[in-house]
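One structure is given below, encoded as structure tokens.
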Amino acid sequence: MTAPVPTAISPRIAAIAESATLRVDAKAKALAAAGRPVVSYAAGEPDFDTPAHIVEAAVAAAHDPRNHHYTAAVGLPELREAIAAKTLRDSGLQVAPSQVIVTNGGKHAVYQTIQTLVGEGDEVVIPSPYWVTYPEVVKLAGGVPVAVFAGADADYKVTVEQLEAARTPRTTVLLFVSPSNPTGAVYSPDETRAIGEWALEHGIWVVTDEIYQNLVYDGVRAVSIVEAVPQLAEQAVLVNGVAKTYAMTGWRVGWMVGPAPVIKGAADLQSHLSSNVSNVAQRAAIAALNGPMQPMEAMRQAFDRRRRAIVAGLNAIPGFRTPTPQGAFYVYPDVTALLGREWAGVTPRTTLELADLLLERCEVAVVPGEAFGPSGYLRFSYALGDDALAEGVRRLAAFFAA
Ligand code: PMP
């Protein structure tokens, strides 16, 4: 007699929620594949191709046999050096290359950082609306995500008072992200400093996700929390990557920067999990970080133009309350005024239902607020072509005018 085939998967994996952004994206792509003219604001990635000089570096790297074999799990020395230089340049923090570990994208860096810092039952404070991945990653580490919500009237930025109200003896980590996905909110230097000082005072680690730090507008700078509060460096981990700034989402290169014991712990984990990131992709990342910034500046200017267009377009539709974000490539209107009313014979009560309605009737794909925290909001990515962007807004204006 053979034992029955086990049917259960582990409770930790069973508890993970499917990524709602990927689900909407898949639905939109299925409709588009069926020939429907979908305008998708759902994707969280630049629509530009990777700049040519970066691609050239990768082609050369593929021809070089040195890149055909395993390298150190923590990353190529030249890339760790380039990341240390970038960290000083953009985050105002002096680090040794040994404080850097190269990961398979920013997402891997977030996962690995939380696995390294968070123990069973530890509480992680997560400002909400939050990036879908954060709470799931905390739960996978046995930690407890504690969401702290700030709405449109607060420009989606939490205050120290709110953080303090959420703090308990089990609070070990604050997840800080500025500019934010999904809201595009950028904390001012003063706001950042106040939050950093709060974390320092209470011995709370800060994981600062800086993946959108170069995508800022209106002349603002997203000051790193470790630049605002330098003493925090001993209890902070910086997460970053090439995906958004350099239009390199498919290349999968990110990193963690932090105190030596944390990087050692993460390196031990990575040595069993994934080993080194593709050497070809790492060489491309070196070219990105050390190369000219002009192509990236052109992309940033295009995003800025689209940002202005979409904010103006959405705010002209009654029921949309859209703060003007200063970073990333998302806008996050509060649409609670549209809920509970009849539109084309349907009365959506939640933004999940509203997003479904918009996809069905307008062929416009947006991600509902439920993916990022409370219902009542929609996330629009404006990393799509100017014409498609304008067409989607026209459809929404016509739909809600009817
Ligand atoms: N952090 C945030 C806030 C993000 O929005 C993303 C991408 N959606 C990432 C990290 C990870 O990016 P990647 O894994 O593509 O480097």
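Both ligands and their constituent atoms are indexed starting at 1 by order of listing.
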Taking atom types as modelled, is there a side-chain donor on Lys244 or Tyr212 under 3.5 Å from an acceptor on the other?
yes
So which bit of Arg252 gets within less than 4.0 Å of ligand 1, heavy atoms only: side chain, backbone, both or neither?
side chain
Using the ring centroid of each side chain, check whether Tyr330 and Tyr156 are separated by less than 6.0 Å.
no
Taking distance alone, with no angle check, do Tyr134 and ligand 1 share an N/O pair under 3.5 Å?
no
Judging by distance only, is a nitrogen or oxygen of His108 under 3.5 angstrom from one on ligand 1?
no
Going by heavy atoms, is Lys244 under 4.0 Å from ligand 1?
yes
For Arg341 versus Pro348, what's the shortest heavy-atom pair and its separation?
O-CD, 3.4 Å
Using a 4.0 Å cutoff against the non-hydrogen atoms of Gly105, which atoms of ligand 1 qualify?
14 (O), 16 (O)
Determine the interplanar angle of the Phe320 and Phe400 rings, folded into 0 to 90°, and report it as parallel if under 30°, tilted if 30 to 60°, perpendicular if over 60°.
perpendicular
Any non-hydrogen atom of Val110 lying under 4.0 Å from ligand 1?
no
Nearest non-hydrogen protein atom, atom 11 (C) of ligand 1:
Lys107 N, 3.5 Å
Between Thr245 and Ile211, the two heavy atoms sitting closest are OG1-O, 4.1 Å
With a 4.0 Å cut-off on heavy atoms, is Phe329 in contact with ligand 1?
no
Consider side-chain contact (heavy atoms from CB on, under 4.5 Å). Of Val226, Val262, Leu200, which one does Gln235 pass it with?
Leu200
Carboxylate-amine/guanidinium proximity below 4.0 Å for Glu123 and Arg167:
no
Should the ring pair Phe329 and Tyr382 be called parallel, tilted or perpendicular, given that the plane angle runs from 0 to 90° and is split at 30 and 60?
perpendicular
Hey, can you tell me if Phe48 and Phe303 have their rings parallel, tilted or perpendicular (30° and 60° cut-offs)?
perpendicular
Please determine, by modelled atom types, if Asn181 and Arg379 share a side-chain donor-acceptor pair under 3.5 angstrom.
yes
Hey, is Gly106 one of the residues with a heavy atom under 4.0 angstrom from ligand 1?
yes
Nearest-neighbour protein heavy atom for atom 9 (C) of ligand 1, which is reported as residue plus atom name and distance:
Trp131 CH2, 3.3 Å
Taking only non-hydrogen atoms of Ala243 and a 4.0 Å limit, the atoms of ligand 1 in range are 15 (O), 16 (O)
Part of Glu45 with heavy atoms under 4.0 Å of ligand 1, whether side chain, backbone, both or neither
neither
What is the nearest protein non-hydrogen atom to atom 12 (O) of ligand 1, stated with its residue, atom name and distance?
Ile211 CD1, 3.7 Å
Among all the protein's non-hydrogen atoms, which is closest to atom 3 (C) of ligand 1, and how far away is it?
Asp209 OD2, 3.4 Å
For ligand 1, does Tyr130 get within less than 4.0 Å through its side chain, its backbone, both, or neither, judged by non-hydrogen atoms?
neither
